[in-house]
Asker: 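One structure follows; several queries about it will come next.
Computed over heavy atoms, backbone and side chain alike; hydrogens, waters and symmetry mates excluded. The chains referred to below are lettered A, B, ... by the order of the sequence lines, with proteins before strands, and numbering in each begins at 1.
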Amino acid sequence: MSQTNPTIVRTRFAPSPSGPLHVGGARTALFCWAYAKAHGGSFILRIEDTDQKRSSDAACQALMHDLRWLGIDWDEGPEFDGIGGGDFGPYFCSKRLDIYHKYIDQLLDEGKAYRAFETPQDLDAARNDAKRQKHNYRYDRSALKLDQATIQAYLDEGRPYVVRFKLPNDEPILVRDEVRGEVTVDPKEMDDFVILKADGYPTYHFAVVVDDELMDITHVIRGQEHLNNTAKHVLLQDALGFRRPVFAHLSLIFNPDGSKMSKRDKDKALRSAVREENIQSSPTPTISDETWQWWSQSKDHQLDLDDTVALADALNLVLPEIDVDDFRRAGYLPQVLVNYLALLGWSPGNDVEKFDRAFLIEHFDLDRIIKSHAKFDRDKLLAFNLDAIQAMSPKQFRDLWYAHCREYHPKFVEELSPEQFDMLAAANQSRSKTLDDTVKSSQFFIMADDAIEYEQTKAVRKALCNGDPSGYDHLAAIKPLLADLTDWTKDAIEPVVDKYSKEHANGKLGKVAQPLRIAVSGSTVSPAIFETLAILGREAVVNRITRCLANRQQFLDTSNA
RNA sequence: GACCCCAUCGUCUAGCCAGGUCUAGGACAUCAGGUUUUCAUCCUGAAGACAGGGGUUCAAAUCCCCUUGGGGUCACCA
């Protein structure tokens with residue numbers, strides 16, 4: 001409609017480097033990327049760091065790392081890990097200040113914008129007044145009434161000012177959106193918004209319009225929170241004589257409980273856990289008392305990531321996963337996250353659900369974007385992840401799991417021999433919903449024999465104590481058979497235990513396997529028993545059985561108590 | 001509050017734009033049964049939705065209006 005028949009599609013993802021990349025942002029980036037790639041165009045990454053206070057280089061690096069992990073590579077943008085660069089840079093807003101000022105001056109000269117000298121405090125007060133009187137606040141244009149001499153005097157004395165865009169007229173603004181159709185906004189709903197802040201940085205509205213024009217962006221795909229802002233952008237584009245890109249606004253992603261997925265969710269989870277358990281001071285050794293005090297004072301005080309994780313660990317709390325990094329740590333596969341994210345707000349139709357990036361490049365288009373909000377369903381993601389893990393070759397899984405362990409659980413790499421590690425990977429693959437899933441239940445593989453603690457649960461007691469012969473009796477009987485075994489492999493162990501259970505447990509393998517499992521792991525959960533024994537090695541297995549038997553009386557005493 | 005957006009199983013969605021083939025399809029979750037040495041898997045089956053009300057039409061999940069519900073925006077944040 002209003003677009004200028006673009007020949008080459010150019011999309012951009014323009015995040016603010018003020019924190020970790022969350023799944024909502026990742027989905028926006030994915031859609032921008034997919035659309036560009038599906039139409040033979042370019043995907044541009046631009047860092048919207050116009051908020052000096054909140055932007056950080058660390059956040060920027062993390063963001064690019066996350067994008068690359070997901071396989072969302074940019075054709076142009078900051079240089080990172082071998083990609084980036086391009087002819088339309090710089091790709092950081094903070095390095096384009098002179099460009100913005102040129103256009104600000106242009107608007108100022110043409111009388112389409114004006115300087116305003118109110119302080120933030122002035123405006124806050126005015127806003128509060130309006131609120132008290134229950135009407136909507138609009139900037140009253142009082143700066144427009146200032147005469148030239150006064151303005152010059154203010155300027156001379158170095159008084160800080162902002163530049164406001166002067167709304168041109170009262171005509172309704174028509175925005176054509178590819179997913180929502182035509183949206184009209186009444187200018188009466190807006191006021192003369194700020195386009196240049198007192199610190200000399202442009203606001204988002206101004207920077208985005210200038211950058212999109214100069215970078216030849218043809219399609220603006222972004223979150224729905226910008227739908228109303230688009231009217232401002234359109235006005236600015238008209239005032240500056242810029243082209244109008246195609247707009248597509250994506251619906252938001254929500255938590256299963258209907259609340260908006262937000263960076264604050266982790267903090268919220270922590271606070272409610274603390275409240276529920278009525279914890280009054282920092283559980284040592286997690287965070288310092290000073291930090292605890294500060295954090296407790298206000299909901300606006302949020303712990304940094306390390307402290308959040310430390311506290312959550314101490315409370316045995318699983319933090320909600322909302323950032324891309326959370327999903328990586330939790331052991332989700334990037335291609336699965338991409339698949340799931342794409343499905344959350346887009347559908348290829350025909351009941352197709354499982355697909356990869358290549359499929360997206362082949363089929364992605366704006367017309368199948370879903371208009372309604374979506375809730376993030378972790379169960380479904382988990383199911384997809386399990387499917388993907390099960391579909392991998394044993395070698396692929398082993399390598400991936402190795403890399404994951406090396407990064408997040410190095411003990412598995414350090415304590416186990418390569419042969420043991422490979423066997424454990426093979427034993428865990430089909431039962432791993434995520435790369436992290438079996439780490440917890442596999443701890444006993446890397447523990448010292450005498451560090452195993454026997455779970456005081458009904459299932460453990462039953463397996464060990466019930467029946468005649470009891471699990472303990474079986475353990476005592478089978479121990480010498482295992483101790484005498486020379487060839488310690490799964491294939492050698494299996495017939496021995498099988499034979500024993502046929503002769504002494506009515507062929508019920510479970511009667512023998514469960515006590516064995518408990519003896520070596522301390523619990524009723526482990527990979528298949530023969531694999532488990534093979535991985536542990538004869539010495540450890542015999543040691544652990546011996547220890548379990550020696551502990552018999554004590555276990556009975558404590559479990560009766 | 002004002003303005004804007006949205007509305008199919010519990011959840012993600014197909015179907016809607018081009019009304020009939022929809023006693024509404026799939027996936028995840030749930031439930032039941034089965035396989036299995038534990039957990040997790042795996043197999044089979046079941047239950048489960050067009051928010052409500054008005055229109056238009058021979059015919060409405062599909063088009064229109066209202067109501068209700070949900071969400072977003074109203075910053076010198078993006």
Asker: Does A:Arg127 have a side-chain nitrogen or oxygen under 4.0 Å from the phosphate oxygens OP1 or OP2 of B:rA75?
Answerer: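 So the side-chain polar atoms of A:Arg127 do come within 4.0 Å of the phosphate oxygens OP1 or OP2 of B:rA75, strictly under.
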Asker: Answer with yes or no whether A:Lys380 presents, from its side chain, a donor or acceptor under 3.5 Å of a partner atom in the base of B:rA29.
Answerer: no
Asker: Could you tell me whether A:His233 and A:His205 have their ring centroids closer than 6.0 angstrom?
Answerer: yes
Asker: Is there a side-chain contact between A:Lys134 and the phosphate of B:rG1, meaning an N or O under 4.0 Å from OP1 or OP2?
Answerer: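 Checking B:rG1 against A:Lys134, no side-chain N or O comes under 4.0 Å of OP1 or OP2.
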Asker: Considering only atom C1', compute the distance from B:rU36 to B:rU41 and round it to an integer number of Å.
Answerer: 9 Å
Asker: At less than 3.5 Å, do the side-chain atoms of A:Arg180 and the base atoms of B:rC5 form a donor-acceptor pair?
Answerer: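 No.
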Asker: Do the ring centers of A:Phe13 and A:Tyr91 come within less than 6.0 Å of each other?
Answerer: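 Here the rings of A:Tyr91 and A:Phe13 have centres that are no less than 6.0 Å from each other.
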Asker: For nucleotides B:rA14 and B:rA49, find the distance between their C1' atoms and express it as a whole number of Å.
Answerer: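 After rounding to an integer number of Å, I get 13 Å for this pair.
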Asker: Does OP1 or OP2 of B:rA78 have a side-chain N or O of A:Lys197 closer than 4.0 Å?
Answerer: yes
Asker: Say we look at B:rG52 and B:rG69: how far apart would their C1' atoms be, to the nearest angstrom?
Answerer: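 Taking atom C1' in both B:rG52 and B:rG69, they lie 10 Å apart.
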Asker: Considering only the P atoms, how many Å lie between B:rC22 and B:rC17, rounded to the nearest integer?
Answerer: 16 Å
Asker: I'd like to know whether the aromatic ring centres of A:Tyr204 and A:His226 sit less than 6.0 Å apart in this structure.
Answerer: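 Yes: the rings meet the under 6.0 Å criterion.
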Asker: Given the structure, check if the side chain of A:Glu353 and the base of B:rG26 hold any donor-acceptor pair shorter than 3.5 Å.
Answerer: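 Answer is yes: a donor-acceptor pair is held.
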Asker: Look at the side chain of A:Gln390 and decide which nucleotide, out of B:rU41, B:rA78, B:rC4, has an atom nearest to it.
Answerer: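 From the listed options, B:rU41 comes nearest.
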Asker: Of the options B:rA2, B:rA78, B:rU38, whose atoms approach the side-chain atoms of A:Glu189 most closely?
Answerer: B:rA2
Asker: Are the aromatic ring centres of A:Phe364 and A:Trp346 under 6.0 angstrom apart?
Answerer: yes
Asker: How would you label the contact of A:Ala374 with the nucleic acid (heavy atoms, under 4.0 Å): base, sugar-phosphate, or nothing?
Answerer: sugar-phosphate
Asker: Name the closest nucleotide to the A:Arg368 side chain, picking from B:rG15, B:rU37, B:rA78.
Answerer: B:rG15
Asker: Rounding to an integer number of angstrom, what distance separates B:rA18 and B:rG10 when you compare their C1' atoms?
Answerer: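 Here B:rA18 and B:rG10 have their C1' atoms 33 Å from each other.
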Asker: Would you check if the distance from the ring center of A:Tyr500 to the ring center of A:His474 is below 6.0 Å?
Answerer: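 Yes, ring centres under 6.0 Å apart.
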Asker: Looking at the side chain of A:Lys375, which of B:rU38, B:rA14, B:rU11 is the nearest nucleotide?
Answerer: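 In terms of side-chain proximity for A:Lys375, the closest of B:rU38, B:rA14, B:rU11 is B:rU11.
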Asker: State whether A:Lys433 places a side-chain N or O below 4.0 Å from either non-bridging phosphate oxygen (OP1 or OP2) of B:rU41.
Answerer: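 For B:rU41, OP1 or OP2 has a side-chain N or O of A:Lys433 closer than 4.0 Å.
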Asker: Taking the minimum atom-to-atom distance to the side chain of A:Val162, which one of B:rC28, B:rC76, B:rU37 wins?
Answerer: B:rC76
Asker: Who is the Watson-Crick or G-U wobble partner of B:rC74, with both distances under 3.5 Å?
Answerer: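 With both distances under 3.5 Å, B:rC74 matches B:rG1.
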Asker: With a 4.5 Å heavy-atom cut-off, do A:Ile478 and A:Val512 have their side chains touching?
Answerer: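 Answer yes - side chains close enough.
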Asker: OP1 or OP2 of B:rC76 less than 4.0 angstrom from a side-chain nitrogen or oxygen of A:Arg115, does that happen here?
Answerer: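 The answer is no; no side-chain N or O of A:Arg115 sits under 4.0 Å from OP1 or OP2.
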Asker: Consider the side chain of A:Asp377, meaning its heavy atoms from C-beta on, and name the nucleotide among B:rU13, B:rU41, B:rU11 that approaches it most closely.
Answerer: B:rU11
